[in-house]
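Chain identifiers are assigned alphabetically (A, B, ...) following the order of the sequence lines, protein sequences preceding nucleic acid strands; residue numbering begins at 1 within each chain. A quick note: this is a predicted structure, and the numbers were derived from the prediction, not measured.
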2 protein chains.
Amino acid sequence: MAERLNEILSELSGRGFRLTRIRRGVVELFITNALPLSALEVISMLGQSITTFNKTTVYRELAFLKEHGVIKEIQFPHERAKRYELATGEHHHHLICLKCRKVEEIELEGDLEEQEKKILRSRGFHVTNHSLEFLGICQTCRWQA
Amino acid sequence: MAERLNEILSELSGRGFRLTRIRRGVVELFITNALPLSALEVISMLGQSITTFNKTTVYRELAFLKEHGVIKEIQFPHERAKRYELATGEHHHHLICLKCRKVEEIELEGDLEEQEKKILRSRGFHVTNHSLEFLGICQTCRWQA
DNA sequence: CTAGTTGCAAACATTTTGCCACTAG
DNA sequence: CTAGTGGCAAAATGTTTGCAACTAG
């Protein structure tokens, strides 16, 4: 966890960017929270450890981290605000419970590679990326009457 | 086309709702435009046939039509505003060109039923819905240098 | 030092609300 | 008539911008 943080920070530092309070704080938040956070959540969570900072800075930091491949942006279909999560490792999707709003991660075997190849063959459209989220009712909520 | 319009309108009328200028206009727009429209697009397109109306009314009409299953809401991952399209027939997805912003519809054979069953079995999460959009470069844009 | 970063205030884009007036059926 | 609709102004929400001031390295 801590080594992941240093890894990211020293990478950024090596590229000539500064390591500021907010930068450290935001990256740390994403490392300790696997699930996607909205800008507003980041702002409120950050407020618990850093006393004064401006929301603009956070928006700019999110843009910066996205730009430099540290985090990626996600748009959930049932929400207005964008979310962000660490751009780490394997490609995954989300299960979103419409009742309790809980979010789980899920990986699909083979994912959509086959489909995307088909799309290229049949339409000449080269898929570089896709967004896929599942909406439904989680196990806990199904148990409840 | 026209019969589809009457079908929808008389269905709504039968359920006790009124057929107003805006309602007719908005439904007609969705019937003649296969691809998803944003509220702002609806407002501007509507302006070409109806002289005076308020944007609030359009937002309310979109909420109404969604509520009553006439249209469905889509959130594209690269855009801010929500989009809407006729909730007609078969489930499909979209190919979104990141260069020219063109949107094409696509149907996937078998879709994700199998995956969703797996999710239920392995996690107890009951998927009721999913969102899937493909981002990439369309054939036309690939041809261009 | 100086480029990268921050704060502040204000603008922006999209959508929602309250409240009262209006009209389709 | 009267519930369903519409208009207007204002608020709410989430995000971006311009610009001057500040600071990490």
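- Every residue two or more places apart in sequence or in another chain was checked for a salt bridge (Lys or Arg N to Asp or Glu O under 4.0 Å) with E105(B), and none qualifies.
- In the 5' to 3' direction, nucleotides of DNA chain D lying under 4.0 Å from heavy atoms of chain B begin and end at dA3(D) to dT15(D).
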All N/O donor-acceptor pairs, side-chain side in residues 46-54 of chain B, below 3.5 Å, sequence neighbours left out:
from   : atom 1 : to     : atom 2 : distance (Å)
S49(B) : OG     : L46(B) : O      : 3.4
N54(B) : OD1    : T56(B) : N      : 2.8
N54(B) : OD1    : T56(B) : OG1    : 2.9

For residues 66-74 of chain A, run the donor-acceptor check on the side chains, cut-off 3.5 Å, and write out each pair with its distance to 0.1 Å, sequence neighbours left out.
from   : atom 1 : to     : atom 2 : distance (Å)
K66(A) : NZ     : E73(A) : OE1    : 3.0
H68(A) : ND1    : F64(A) : O      : 2.9
E73(A) : OE1    : Y84(A) : OH     : 3.4

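- Closest heavy-atom contact between L5(B) and R24(B): CD1-O, 4.3 Å.
- The minimum heavy-atom distance between K99(B) and Q144(B), with the atom names listed, is NZ-OE1, 4.2 Å.
- Taking CD1 from I96(A) and CD1 from I137(A), the interatomic distance works out to 12.0 Å, rounded to the nearest 0.5 Å.
- Near DNA chain C, defined here as any heavy-atom distance below 4.0 Å, the residues from residues 39-64 of chain B are A39(B), L40(B), K55(B), T56(B), Y59(B), R60(B), listed numerically.
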Donor-acceptor pairs under 3.5 angstrom involving side-chain atoms of residues 30-40 of chain B: please list them, not counting sequence neighbours.
from   : atom 1 : to     : atom 2 : distance (Å)
T32(B) : OG1    : E28(B) : O      : 3.0
T32(B) : OG1    : L29(B) : O      : 3.3
S38(B) : OG     : E41(B) : N      : 3.1

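- In this structure a side-chain-to-backbone donor-acceptor pair under 3.5 Å is present from R23(A) to R18(A).
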Worked verdict on R142(A) versus F125(B) for side-chain contact (heavy atoms from CB on, under 4.5 Å): CA-CA 8 Å; R142(A) 288 179 74 216; F125(B) 187 103; over 6 Å; no
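- Contacts between residues 69-85 of chain A and DNA chain D, defined by a heavy-atom separation under 4.0 Å, are made by R80(A), A81(A), K82(A).
- Put simply, CD on E116(A) and OG1 on T128(A) are 8.5 Å apart, with the number rounded to the nearest 0.5 Å.
- Ring centroids of F134(B) and H94(B) are separated by 6.0 Å or more, keeping the two rings apart.
- Qualifying salt bridge (Lys or Arg N to Asp or Glu O under 4.0 Å) partners for E104(A), counting only residues two or more places apart in sequence or in other chains: R123(B).
- A search for salt bridge (Lys or Arg N to Asp or Glu O under 4.0 Å) contacts involving R4(B) returns E7(B), not counting sequence neighbours.
- In terms of heavy atoms, C100(B) sits closest to C97(B) at N-SG, 3.5 Å.
- Contacts with DNA chain D (heavy atom under 4.0 Å) in residues 18-25 of chain B: R18(B), T20(B), R21(B), I22(B), R23(B), listed by number.
- Rounded to 10°, the angle separating the first-five-pair axis and the last-five-pair axis of the helix from dC1(C)-dG25(D) to dG25(C)-dC1(D) equals 30°.
- Partners of R121(A) according to the salt bridge (Lys or Arg N to Asp or Glu O under 4.0 Å) rule, which considers only residues two or more places apart in sequence or in another chain, do not exist here.
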